[in-house]
Protein chains: 2
Amino acid sequence: MSKARSYKQACNIALALDLIGERWTLLIIRELILGPKRFGDLLPHLQGMGTNLLTTRLKELETHAVIEKQPCSPNSRRMQYKLTPLGEGLENVLRELIRWGIQLPQSPPSPDSLYQPEWDLVAIKLLYKREKAPKLEGTVLIKSVESSIYAIIAKDGLQLDISTTHTHDATIEGNRDSFEKLFKGKSSLNQLISQNSLKISGNTSLARKWASCFS
Amino acid sequence: MSKARSYKQACNIALALDLIGERWTLLIIRELILGPKRFGDLLPHLQGMGTNLLTTRLKELETHAVIEKQPCSPNSRRMQYKLTPLGEGLENVLRELIRWGIQLPQSPPSPDSLYQPEWDLVAIKLLYKREKAPKLEGTVLIKSVESSIYAIIAKDGLQLDISTTHTHDATIEGNRDSFEKLFKGKSSLNQLISQNSLKISGNTSLARKWASCFS
DNA sequence: CGGAATCCTCTTCGATACTG
DNA sequence: CAGTATCGAAGAGGATTCCG
């Protein structure tokens, strides 16, 4: 049985870290931010982690009600892992980690480091401030050479999809770098448009309002 | 030399965790939130951590410019560790960890778990929302049987002191439990006063305004 | 195929003893 | 007091196997 090493401190920080402070754990949470995933989907995004260790971590998280294991569909025997409401609360922790990570001296992107476009989606989702345009609704296509991301603006936040095509109201087009600047609040949409870095089409008003939610 | 194990992922979360995700690291940051500390001050608050490991962690943090080592006083040979501006940015991460930790199913306080009053001060400092009363200034004494904490309200946030006596404008008195409810936003000052759990004196208006910054 | 269990090696941790 | 050295214990990483 996993006896879960603990700091044994009567402190909320230490308490939290007892549950999600171990190696790999927060990266597992990151993987589940965009929705439920299966064991086999998690593994390739966690290169270097053994299958046994992933099993252990998933069990720990499950016993602490941070995630839950459920059938992919009602009568299926295939299982998927999903954040519980408690686990979703970790969005706030991840958001601040992203913010802190952004301002870090950027090490030159080492060639042996893994990259998954979904990680950008996680950042976009978490950095989006719906309160800046609470009533906004619609779908924006974020198009670059590398990927086509559909951002579906809904009442309960931003839903992001990279794998399926959706009908969309507006399009923002450009390269990854410019989008990064936009989403991370380093440049405004107007700045990037006037620099010819980004281009908008369709419902441009929607696109503008949506983009203003990142600054 | 410390070769600092890395996740090797082009993701801001993973990048951040490469620096501050290892065991004990965030607890060291917690210790430095209230101000600089010496090696010997850190150790007893990190029970179970070997001295060698603390040395290693401090060096890692120093090379990544999260903390810096400096003389206690200009010409002293005694050294202390202090957060850099980059390190101070981790306040946001710690704040969210505290918030998440608070809503965790409270395990019965195990007898072998360590408790340090300073950890409460860290929580108070980080949960205080100055923007709720931006112009407030003064000193509030938070008095319980266990401790006398001076909260000095300043422009750049809350300064907290448990070791020295200060002149104060207002006093809030009660037991630790009630204070916890107040600071963690679970109860309002008015509620706690009407329950006879807390008592205020001195500049009660200041005390009320200050207390409202936690809800 | 998904994922749990087993082994084995290597690294990190934890605790204590030691040194400038 | 501030760290270094050491060593057994625990955990991580990788490959492989087993089972439904």
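Only heavy atoms go into these numbers, but all of them, side chains included; no hydrogens, no water, no symmetry mates. Reminder, nothing fancy here: chain letters follow the sequence lines and each chain counts from 1. Because the structure is predicted, anything quoted here is derived from the model rather than measured.
Under 4.0 Å is where a charged nitrogen must lie from a carboxylate oxygen, and between A:R95 and B:E96 no such pair does. For the pair A:E62 and A:K59, the salt-bridge criterion is not met [side-chain N within less than 4.0 Å of a carboxylate O]. A salt bridge between A:K8 and A:D18 is absent, with no side-chain N of the basic residue lying under 4.0 Å from a carboxylate O of the acidic one. Between B:R176 and B:D120, at least one side-chain N (NZ, or NE/NH1/NH2) sits under 4.0 Å from a carboxylate O, which counts as a salt bridge. Salt bridge B:K37/B:E31: present, at least one basic N to carboxylate O contact under 4.0 Å.
For the residue pair B:S73/B:N75, the side-chain donor-acceptor check at 3.5 Å is not satisfied.
Aromatic ring pairs are classed by plane angle as parallel below 30°, tilted from 30° to 60° and perpendicular above 60°; the pair A:Y81 and A:F39 is tilted. A:F183 and A:F179 have parallel rings, their planes meeting at less than 30° on a 0 to 90° scale where 60° marks the start of perpendicular.
Rounded to an integer number of Å, the gap from A:L43 CG to C:dC1 P is 15 Å. Residue A:R23 contributes atom CZ, which lies 11 Å from atom C1' of D:dG11 at whole-angstrom precision. B:R5 has its CZ atom 6 Å from the P atom of C:dC13, to the nearest Å. Rounding to whole angstrom units, CG of residue A:L54 and C1' of C:dA5 are separated by 14 Å. Nucleotide C:dT6 holds its P atom 16 Å from the CG atom of A:L53, rounded to whole Å. Atom CD in A:E22 sits about 12 Å away from atom C1' in C:dC13, given to the nearest Å. In this structure, A:Q47 atom CD and D:dA15 atom P are separated by 11 Å, rounded to whole Å. Summarising the geometry, the separation between CZ on A:F39 and P on C:dA5 is reported as 11 Å, rounded to the nearest angstrom.
Among the nucleotides C:dG14, C:dG3, D:dT4, the one closest to the side chain of B:T51 is D:dT4. For B:Y81, whose side chain is taken as the heavy atoms from C-beta onward, the closest listed nucleotide among C:dG14, D:dG3, C:dA5 is D:dG3. Listed nucleotides: C:dG2, C:dG3, C:dC13. Nearest to the side chain of A:R78: C:dG2.
Donor-acceptor pairing under 3.5 Å, judged by distance alone, is absent between the side chain of A:T55 and the base of C:dA5. Contact annotation: side chain of B:N52 to base of C:dG14, donor-acceptor pair present below 3.5 Å.
The shortest distance between the side-chain N/O atoms of B:W24 and the OP1/OP2 oxygens of C:dT12 is not below 4.0 Å. For A:K37 and C:dG2, the shortest distance from a side-chain N or O to OP1 or OP2 is not below 4.0 Å. Close to D:dA2, at under 4.0 Å from its OP1 or OP2, lies no side-chain N or O of B:R77. Neither OP1 nor OP2 of C:dC1 sits under 4.0 Å from any side-chain N or O of A:R38. Within the 4.0 Å cut-off from OP1 or OP2 of C:dG3, not a single side-chain nitrogen or oxygen of A:K59 is found. OP1 or OP2 of C:dC13 has not a single side-chain nitrogen or oxygen of A:Y7 nearer than 4.0 Å.
At the heavy-atom level, A:R57 lies under 4.0 Å from the strands shown only through sugar-phosphate atoms.
If one axis is set at each end of the helix from C:dG2-D:dC19 to C:dT19-D:dA2 from five pairs, those axes are 30° apart, to 10°.
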